[in-house]
Amino acid sequence: TVPQGLKAPSNGVLLGVDTLADGRTRWNWRVKTPNTYAIALNVGPYEEVSGTYKSRFGNSIPMAYWYLPGEKPQAEKLFAEFAPTLDFFESMIGPYPFGDEKLGVVETPHKGMEHQTINAYGNAYAKAPEGFDWLFQHEFAHEWFGNQLTAANWDDYWLHEGYGTYMQPLYGEWREGRARYAAMMQTQRALITNRRPVTQQRVATEEEVYEADKGGAGLDIYYKGSWMLHTLRGLIGDTAFFAVTRRAVYGRPDPKPGNFRPRFSSAAEYQALVRQVTGKDYGWFFDVYLRQAALPDLVERREGGTLSLSWTVPGGGNFPMPVDVQVAGKVHVVPMTGGKGRLPVPAGAHVVIDPDAKILRRSVAIEETQAWTAQSKRPTP
Ligand SMILES: [Zn+2]
């Protein structure tokens with residue numbers, strides 16, 4: 001119940017608005033399957049832009065954006081992003097999980113939050129070279145990775161934030177191709193800190209995961225999670241990667257509106273799905289990227305006519321990650337069985353390791369850049 005003239009957009013379906021004798025209004029909302037941390041009441045002098053999206057799955061999805069007065073042109077531009085973004089997610093991942101309720105976004109004083117069917121938006125209509133609003137896109141990604149698939153333990157919240165962050169470069173690729181994807185991935189790469197493992201393998205609280213000073217991986221669950229998914233996609237291929245993603249999100253390979261419900265998942269289940277879909281055990285991959293802080297390091301040696309490569313990984317386990325090597329303009333795949341590999345390289349031939357940056361691995365240049373940036377931020381005496 002809100003004062004006269006205010007609106008109260010919230011989760012789910014609006015059953016009706018009652019006007020009380022004193023002019024106040026009562027907003028009645030119903031939510032079928034609320035994610036418990038994604039419930040929100042928003043009260044303000046909102047104006048609304050709305051429409052209907054015709055889904056490729058045959059259903060119609062109501063869309064609405066509640067914004068503050070005086071912002072109509074910007075609000076309509078942001079609203080125009082809803083349908084193409086929804087088409088991207090439904091094409092790449094699967095049906096919008098709450099199509100029988102709505103796609104809802106509401107403007108807020110805080111930056112953003114994935115409140116189910118009423119995403120908070122506070123990005124001030126910021127413009128970016130990629131041509132879409134990353135904050136809206138990120139929060140909306142959480143409808144799949146957060147509200148449909150919910151991690152049972154905060155320790156596995158890379159499933160929310162890693163996927164939620166990977167969806168922006170993937171959308172860049174969908175809209176403009178590989179170059180945009182690569183540029184956006186490189187921006188994220190520079191933000192990975194590797195101070196703590198992404199998961200601690202115990203039941204953790206939200207603070208113990210999101211806050212670095214409480215022992216959490218902090219922003220690495222976003223950027224390192226995203227780069228881990230990028231690396232996995234390169235390793236197992238698009239067909240397997242999106243099959244794993246779909247099963248993790250919906251619990252089945254063939255989601256259609258009405259044949260799935262929100263579900264809980266975990267890193268352990270995700271790893272099992274990768275094994276199930278590919279027929280191979282990728283425990284070595286997750287042991288390093290999820291359970292160790294440091295990144296795998298590719299040691300290169302060129303002697304005579306041979307390039308020798310070997311992986312050094314924290315924990316010392318086997319790491320048979322194949323590596324692309326470009327020799328004089330031609331790309332070869334070095335299988336790296338047992339974590340080592342060799343390639344004949346003619347004298348004088350120019351060599352580029354992993355020319356498409358498929359693999360998340362140690363970069364001395366990024367470590368030095370981060371150290372230099374931290375140093376140059378210190379006040380000079
Ligand atoms: Zn997020």
Side-chain angles (χ1 to χ4, degrees), residues 1-20 22-55 59-90 96-128 132-148 164 167-168 171:
T1 305
V2 300
Q4 189 170 17
L6 299 185
K7 291 185 176 173
S10 187
N11 312 79
V13 173
L14 183 61
L15 300 179
V17 181
D18 309 324
T19 303
L20 307 187
D22 60 6
R24 291 180 301 155
T25 52
R26 184 190 296 132
W27 294 64
N28 302 289
W29 295 92
R30 189 193 59 212
V31 197
K32 261 200 280 187
T33 49
N35 183 2
T36 49
Y37 78 88
I39 294 168
L41 306 171
N42 310 270
V43 178
Y46 290 118
E47 290 172 11
E48 184 186 343
V49 53
S50 61
T52 303
Y53 173 78
K54 291 269 174 224
S55 167
N59 53 325
S60 293
I61 302 171
M63 304 186 294
Y65 175 45
W66 286 270
Y67 60 94
L68 294 174
E71 298 175 354
K72 195 164 194 259
Q74 302 99 301
E76 282 177 346
K77 273 194 115 169
L78 182 66
F79 182 76
E81 293 187 27
F82 289 13
T85 309
L86 191 41
D87 187 43
F88 157 77
F89 280 109
E90 290 209 314
Y96 177 59
F98 311 105
D100 54 354
E101 294 183 335
K102 71 178 181 303
L103 184 179
V105 180
V106 60
E107 191 173 359
T108 56
H110 60 93
K111 187 90 171 172
M113 184 65 194
E114 60 263 35
H115 300 130
Q116 188 174 312
T117 69
I118 190 71
N119 292 177
Y121 174 84
N123 201 29
Y125 308 103
K127 295 294 166 197
F132 63 91
D133 193 300
W134 74 269
L135 191 277
F136 157 67
Q137 212 270 0
H138 177 92
E139 303 308 341
F140 191 46
H142 284 309
E143 297 287 17
W144 285 261
F145 307 102
N147 298 335
Q148 164 60 28
M167 288 302 117
Q168 287 90 70
Y171 189 44

The ring pair (Phe, Tyr, Trp, His ring centres under 6.0 Å) partner of Phe82 among Phe136, Tyr53, Tyr96 is Phe136
All heavy atoms of Pro9 vs all of Asn42, minimum pair found to be O-ND2, 3.0 Å
Over 12 foreign heavy atoms within 6.0 Å of NZ, Lys111 | yes
Of Leu14, Val31, Ile61, which is the lone residue that meets side chain to side chain contact (heavy atoms under 4.5 Å, CB included) with Glu101?
-> Val31
Testing Phe145, Trp144, Tyr171 for ring pair (Phe, Tyr, Trp, His ring centres under 6.0 Å) with Phe89, which one passes?
-> Trp144
Side-chain (Gln168) to main-chain (Gly164) donor-acceptor, under 3.5 angstrom | yes
For the pair Trp134 (side chain) and Ala126 (backbone), establish whether a donor and an acceptor sit closer than 3.5 Å, ignoring hydrogens and angles.
-> no
Trp66 side chain near Val105 side chain, heavy-atom distance below 4.5 Å = no
Parallel, tilted or perpendicular: rings of Tyr121 and Tyr125 (30°, 60°) | tilted
In terms of heavy-atom contacts, Val49 and Glu76 come closest through CG2-CG, 4.4 Å
Ignoring hydrogens and geometry, is there a side-chain-to-backbone donor-acceptor pair from Ser10 to Ala40 under 3.5 Å?
-> yes
Look up atom NE2 in His115 and atom CG in Asn147, then write down how far apart they are to the nearest 0.5 Å.
-> 9.5 Å
Approximate separation, where rounding is to 0.5 Å, of Leu20 CG and Thr25 OG1 = 7.5 Å
Consider only side-chain N and O atoms of Asn119 and Glu143, and report whether a donor and an acceptor are under 3.5 Å apart.
-> yes
Can you list the steps and then say if Tyr67 with Gln74 is a side chain to side chain contact (heavy atoms under 4.5 Å, CB included)?
-> CA-CA 10 Å; Tyr67 60 94; Gln74 302 99 301; over 6 Å; no
Heavy atoms, side chains only, cut-off 4.5 Å: are Ile39 and Pro34 in contact?
-> yes
Judged by atom type as modelled, is there a donor-acceptor pair below 3.5 Å linking the side chain of Asn35 to the main-chain atoms of Ala38?
-> no
Glu81 and Lys77 ion-paired at < 4.0 Å = no
What pair of heavy atoms forms the shortest contact from Ala8 to Val43, and how long is it?
-> CB-CG2, 4.3 Å
Taking the side chain as every heavy atom from C-beta outward, state whether Leu6 and Pro45 have any pair of such atoms under 4.5 Å apart.
-> yes
Within-4.5 Å side-chain heavy-atom neighbours: Thr85 and Phe132 = no
Pairwise distance CG(Leu135) to CZ(Phe140) - rounded to 0.5 angstrom | 14.0 Å
So, the side chain of Thr117 versus the backbone of Lys102: is there a donor-acceptor pair under 3.5 Å, distance only?
-> no
Could you grab the distance from atom CD of Gln116 to atom NZ of Lys32, nearest 0.5 Å is fine?
-> 11.0 Å
Are Tyr37 and Glu114 close enough that a side-chain donor and a side-chain acceptor fall under 3.5 Å?
-> yes
Can you check whether Ala80's main-chain N or O pairs, donor with acceptor, with Tyr65's side chain at less than 3.5 Å?
-> no
Rounded to the nearest 0.5 Å, what's the gap from CG on Asp18 to CG on Asn28? Could you check?
-> 5.0 Å
Thr1 OG1 to Trp27 CH2 distance, which is reported to the nearest 0.5 Å | 11.5 Å
